[in-house]
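Read through the structure below, which is laid out as structure tokens, and then see the notes.
From a predicted model like this one, the values you see are computed outputs, not experimental measurements. FYI, the numbering just counts along the sequence from 1.
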Amino acid sequence: MTDEELTRDLVIKYIDRSCTRDELAAFFDLLKRNAVSLPEIDAAASRVWESEPEETPDADIYEMYRKEALALIRKHRRMKSPVRRIRPGRIAAIAASLAVIIAGGYYTVSSILQDRMARQLASYEYITTKPGEIRDVVLPDGTSVTMNVASTLKYNARFGKDTREVWLDGEAYFDVMKDAGCPFSIHAGKLDVNVTGTSFNVSAYADDIRKSVTVNSGHVGVAYGDDDIRMSLRPDEEIVINTADSSVSRSSVDAEDALVWIRGSLVFREQTLPEVIRLLRRYYSCDIELRDTTSSVRLSGTHDNKSLESVLESICFSAGLGYSKDGDRYIIH
């Protein structure tokens, strides 16, 4: 096999995510050598790119490859070899292999997301919980997950083989099976959590402004927003991210107290009325309307096995409001 054929083969396998560990090492070695090898890689990537049909990309796959490209770009920018001077867009096209084009701070995806990639990565298993349902599941690698109400967890068919990546919309407690050679990653919008074997909680409902990670045991790596926020958390530590303004707070907590929802308790933690209403809708699958939006009260507390009416009475008492019922709808005023 000629050098050109070898390069083309490695590029194609990287695009397919079918590289063995040795082939993956060889591919990155091509990038690290010097600028001379980059035209060969560029040409191989272009041939694959141009030969593939157009396809609408899966948002999660795109996000995964975009972040991979950004990480590789940063790595090369730190290097002192001539590779550092290559245009970021060019490295991204090679590293992501899906033509994640980086220009002017904007990211787009090209037609390189093809049938071959779709067959390998777009075959997902979905696990969902209904409003009011808390569910225990075990993933193929032996990792135990307790999913909170109205949550969705998905992973692709290759989970547990050479990758352990899951996507979460909602809240879940993870007790990850240790495997130092294959880290476990959770993607929840812009939030990424990376571990090898530990136990922790992730709360990241898509419609919640507040996202949090709470560690029960081990060390947990957290990144948010293209690595703008990166930190490592220890047991009984928690990070809370306000996605409205990207503000971050890190604090010491009692993890057991923070995770009482696992036992079925309804927990408010310094939450605004709109946040509490969303939580009630998830737990009770009910229709609640908040007509008084002037209250700035924040609510904290735990409700064990309480009816919706008793919880509403407690909320309204704390906020100085009242509630009424119109058919199946509850109205807070």
Side-chain angles (χ1 to χ4, degrees), residues 129 131-132 134 148-151 168-173 188-191 193 200-215 222 224-225 228-229 231 233 236-333:
T129 54
I134 295 175
N148 206 344
V149 300
S151 297
L168 173 68
D169 177 6
E171 183 169 20
Y173 176 77
K190 293 183 178 181
L191 178 66
V193 181
F200 56 96
N201 189 79
V202 179
S203 180
Y205 287 96
D207 58 350
D208 277 358
I209 293 175
R210 182 181 184 272
K211 318 291 184 186
S212 66
V213 178
T214 309
V215 181
V222 179
Y224 180 79
D228 291 336
I229 298 169
M231 62 180 64
L233 302 179
D236 291 323
E237 284 191 327
E238 179 179 73
I239 179 176
V240 177
I241 300 170
N242 185 318
T243 59
D245 57 11
S246 294
S247 61
V248 181
S249 64
R250 179 176 183 170
S251 60
S252 296
V253 297
D254 186 325
E256 290 189 6
D257 289 344
L259 300 175
V260 294
W261 68 262
I262 294 174
R263 301 195 297 269
S265 297
L266 184 62
V267 185
F268 305 140
R269 302 179 66 197
E270 288 294 315
Q271 289 167 289
T272 65
L273 271 174
E275 289 173 330
V276 167
I277 297 306
R278 282 198 296 273
L279 194 154
L280 293 179
R281 289 171 181 154
R282 293 176 193 140
Y283 269 80
Y284 295 100
S285 188
C286 59
D287 186 3
I288 303 177
E289 179 184 352
L290 178 61
R291 291 188 176 174
D292 188 327
T293 59
T294 61
S295 177
S296 59
V297 66
R298 287 185 175 271
L299 301 171
S300 296
T302 301
H303 300 268
D304 297 315
N305 301 316
K306 298 294 185 179
S307 67
L308 174 58
E309 286 77 11
S310 65
V311 175
L312 286 174
E313 289 174 4
S314 175
I315 291 171
C316 290
F317 177 80
S318 299
L321 302 173
Y323 82 92
S324 58
K325 190 174 182 182
D326 182 9
D328 293 332
R329 171 178 291 188
Y330 293 89
I331 301 170
I332 298 179
H333 46 75

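Considering all non-hydrogen atoms of both residues, Leu233 and Val213 come closest at CD1-O, 3.8 Å. Nearest approach of Ile209 to Ala244, heavy atoms of both residues: CG2-N, 3.7 Å. Contact between Leu191 and Ala204 at its shortest, heavy atoms only, is CD2-CB, 4.3 Å. Minimum heavy-atom separation, Ser318 to Leu299: CB-CD2, 3.6 Å. When all heavy atoms of Val297 and Ala319 are compared, the pair lying nearest together is CG1-CB, 3.6 Å.
Pairs of residues two or more places apart, or lying in two chains, that qualify as salt bridge (Lys or Arg N to Asp or Glu O under 4.0 Å) and include a residue from residues 242-251 are Glu237-Arg250. Listed by first and then second residue, the salt bridge (Lys or Arg N to Asp or Glu O under 4.0 Å) pairs that reach into residues 200-213 are Asp207-Arg282, Asp208-Arg278, Asp208-Arg282, sequence neighbours excluded.
Residue Glu270 places its CD atom among more than 12 non-hydrogen atoms of other residues, nucleotides or ligands, all under 6.0 Å distant. Shown here is Asp254, whose CG atom has more than 12 heavy atoms of other residues, nucleotides or ligands within 6.0 Å.
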**OP:** For Asp236 and Val215, run side-chain contact (heavy atoms from CB on, under 4.5 Å): C-alpha distance rounded to whole Å, both residues' side-chain angles, the deciding distance at 0.1 Å, then the answer.
**Re:** CA-CA 6 Å; Asp236 291 323; Val215 181; over 6 Å; no
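In this structure, Tyr323 has no side-chain hydrogen bond (donor to acceptor under 3.5 Å, both in side chains) partners at least two apart in sequence or on a different chain. Under the salt bridge (Lys or Arg N to Asp or Glu O under 4.0 Å) criterion, Arg281 pairs with no residue, sequence neighbours left out. Partners of Glu289 by side-chain contact (heavy atoms from CB on, under 4.5 Å), not counting sequence neighbours, listed by chain and number: Arg291, Arg329, Ile331. With sequence neighbours excluded, the residues satisfying side-chain contact (heavy atoms from CB on, under 4.5 Å) with Ser246 are Tyr224.
Considering only heavy atoms from C-beta on, Leu280 stays 4.5 Å or farther from Tyr330 through its side chain. Residues Val149 and Pro131 are not in side-chain contact: their nearest non-hydrogen atoms beyond the backbone lie 4.5 Å or more apart. In this structure, the side chains of Thr302 and Arg263 stay at 4.5 Å or more apart for every pair of heavy atoms. Looking at heavy atoms from C-beta onward, Asn148 lies in side-chain contact with Tyr205 at the 4.5 angstrom threshold. By the 4.5 Å heavy-atom criterion applied to side chains, Leu273 and Leu321 are counted as neighbours. Looking only at side-chain heavy atoms (C-beta outward), Asp328 and Asp287 stay at 4.5 Å or farther from each other. Side-chain contact between Phe268 and Arg298 is absent, with no heavy atoms from C-beta onward closer than 4.5 Å.
Under a 3.5 Å cut-off, the side chain of Ser203 and the backbone N or O of Glu171 do not form any donor-acceptor pair. A donor-acceptor contact shorter than 3.5 Å is absent between the side chain of Asn201 and the backbone of Thr214.
Ile262 CD1 to Ile134 CD1: the interatomic distance, rounded to the nearest 0.5 Å, is 8.5 Å.
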